[in-house]
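First up is the structure itself, then whatever we jot down about it.
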Amino acid sequence: MTKLLFTNIIFLFLIIGFIYLLAKFVRPRLRRVYRWKTNLLIAGAYLALLAVSIPLALFLDQGEFFQSRNAQAQGILAEAPVDWSEDGGRYHIFENEPLERQAGLVENSRQTYAADTPQLRIQTAGSTGYGRIFLERKKNADGLIEVSTYVAPHYARTDTFKPIDFTKLVAPPQITWEAGVLKIGDPVKQSFEFKMYSDSFPVWQFKEEKQSNYIGGGSMTFGEKGILVRIPPDMEVVDGDSGEFTWVSNQ
């Protein structure tokens, strides 16, 4: 159950309880005092308060306990460029340029571990989706291993939605460090559903020329994903010269 749904349920029970108390205790005691004009003013004030609370609940970030979907998505989803499906080069990670400075790349996780062993072994398990592992030797022997994961642009297009950049929603792999072994596992399973509602939806849905658009109408482009492991200069990487790894420089 999401926080938003849980909060809505609490508000619903509070409103029901308030109405019950009002009908049981307040109204009999004030029946002789209130006239129809007074009741009309109270009803109007209540409806006005309700009308104001709806946009506040939908569009304002009201803290950790109650946060609208609009606020949660702020800064995560973006509109994809017009030519998003034409230039495939922007969906790759290039080894001749520092990853943190490559346009379009998003760093979706960063972890630091103590380099408490002279050797580093990297193990991958399952289909992580992060196919490339970049290794970089740091200039300073600070005794730390820094692991960052990067995602190239991920775009989606549907019949009822503008092209979307959902790169920041892509989950990183599960990474653990134990006894000189850096283990990289499968990311958390994800599924996305993009919806759009409009006033003309019923009319649009039954127009003859629109009935078959959902068959193959949407498309997605998944950019490359990679892992950068920065190690102290005196640390040895087991099988570091194999084709599984790509050595890069931050120069």
Side-chain angles (χ1 to χ4, degrees), residues 2-3 64 67 72-78 88-156 165-192 220-251:
T2 64
K3 290 183 179 179
E64 226 173 56
Q67 194 174 39
Q72 289 175 344
Q74 186 176 6
I76 297 178
L77 291 177
R90 70 170 61 146
Y91 313 131
H92 296 292
I93 299 176
F94 303 101
E95 59 191 69
N96 57 353
E97 183 180 350
L99 273 63
E100 61 268 22
R101 295 207 293 265
Q102 292 187 34
L105 283 191
V106 171
E107 183 186 55
N108 61 345
S109 75
R110 174 179 291 188
Q111 302 175 60
T112 303
Y113 306 99
D116 49 8
T117 61
Q119 289 185 330
L120 166 67
R121 182 184 296 274
I122 300 176
Q123 293 181 354
T124 57
S127 301
T128 66
Y130 287 74
R132 301 183 68 185
I133 299 177
F134 301 90
L135 300 178
E136 177 189 333
R137 290 198 182 277
K138 296 189 289 185
K139 294 181 180 180
N140 301 323
D142 55 4
L144 297 175
I145 299 172
E146 300 173 7
V147 184
S148 300
T149 59
Y150 290 89
V151 181
H154 279 52
Y155 297 144
D165 180 348
F166 63 98
T167 312
K168 293 182 180 180
L169 286 174
V170 179
Q174 299 184 53
I175 300 176
T176 58
W177 166 255
E178 184 178 355
V181 180
L182 188 69
K183 298 180 180 180
I184 303 171
D186 295 334
V188 176
K189 186 177 180 180
Q190 289 183 286
S191 62
F192 298 104
M220 305 184 82
T221 294
F222 302 99
E224 192 175 13
K225 293 176 283 188
I227 302 171
L228 174 63
V229 183
R230 303 182 71 240
I231 61 174
D234 55 348
M235 191 172 206
E236 178 188 355
V237 179
V238 178
D239 297 327
D241 55 351
S242 70
E244 183 181 359
F245 309 113
T246 301
W247 287 92
V248 295
S249 175
N250 197 28
Q251 299 297 324

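When a residue number appears, it is its place in the shown sequence, counting from 1. Source: prediction; values computed, not measured.
Within the structure, ring pair (Phe, Tyr, Trp, His ring centres under 6.0 Å) contacts touching residues 221-248 (residues at least two apart or in different chains) are H154-F222. Within the structure, the side-chain hydrogen bond (donor to acceptor under 3.5 Å, both in side chains) test picks out the following pairs touching residues 167-181 (sequence neighbours left out): D165-T167. Sequence neighbours left out, the pairs with a member in residues 225-236 that pass side-chain hydrogen bond (donor to acceptor under 3.5 Å, both in side chains) are Q119-E236, E136-R230, E146-R230.
Residues I133 and I184 form a side-chain contact, since some pair of their non-hydrogen atoms from C-beta on lies under 4.5 Å apart. Side-chain contact between V238 and L120: absent, with no pair of heavy atoms (C-beta onward) separated by less than 4.5 Å. Under the 4.5 Å side-chain criterion, counting only non-hydrogen atoms from C-beta, I145 is not in contact with T112. Within the 4.5 Å cutoff, the side chain of L135 has heavy atoms near those of the I122 side chain. Put simply, the side chain of F166 does not reach to within 4.5 Å of the side chain of I76, judged on heavy atoms. V147 has its side chain out of reach of L228: every pair of non-hydrogen atoms, C-beta onward, lies at least 4.5 Å apart. Looking only at side-chain heavy atoms (C-beta outward), V229 and L182 come within less than 4.5 Å of each other.
To the nearest 0.5 Å, the span separating OG on S109 from CD1 on I227 amounts to 8.0 Å.
Residues that satisfy the salt bridge (charged side-chain N to carboxylate O under 4.0 Å, His left out) test with E107, not counting sequence neighbours, are R110. R121 pairs by the side chain to side chain donor-acceptor pair (under 3.5 Å) definition with nothing, not counting sequence neighbours. Remark: D186 engages no residue in a salt bridge (charged side-chain N to carboxylate O under 4.0 Å, His left out) (not counting sequence neighbours). With sequence neighbours excluded, the residues that form a side chain to side chain contact (heavy atoms under 4.5 Å, CB included) with A171 are P187, Q190. Under the side chain to side chain donor-acceptor pair (under 3.5 Å) criterion, Q123 pairs with no residue, sequence neighbours left out. Residues forming a side chain to side chain donor-acceptor pair (under 3.5 Å) with Y155 (at least two apart in sequence, or on another chain): none. With sequence neighbours excluded, the residues that form a side chain to side chain donor-acceptor pair (under 3.5 Å) with E95 are R132. Q102 pairs by the side chain to side chain contact (heavy atoms under 4.5 Å, CB included) definition with I93, F94, E97, L99, L105, not counting sequence neighbours.
Nearest heavy atoms, P172 versus Y130: CA-OH, 3.2 Å. Across every non-hydrogen atom of P232 and L144, the tightest pair is CD-O, 3.4 Å.
A donor-acceptor pair under 3.5 Å is formed between the side chain of R137 and the backbone N or O of M235. In terms of modelled atom types and a separation under 3.5 Å, the side chain of N140 and the main chain of D142 share no donor-acceptor contact. With hydrogens and angles disregarded, a donor-acceptor distance shorter than 3.5 Å links the side chain of N108 to the backbone of V170.
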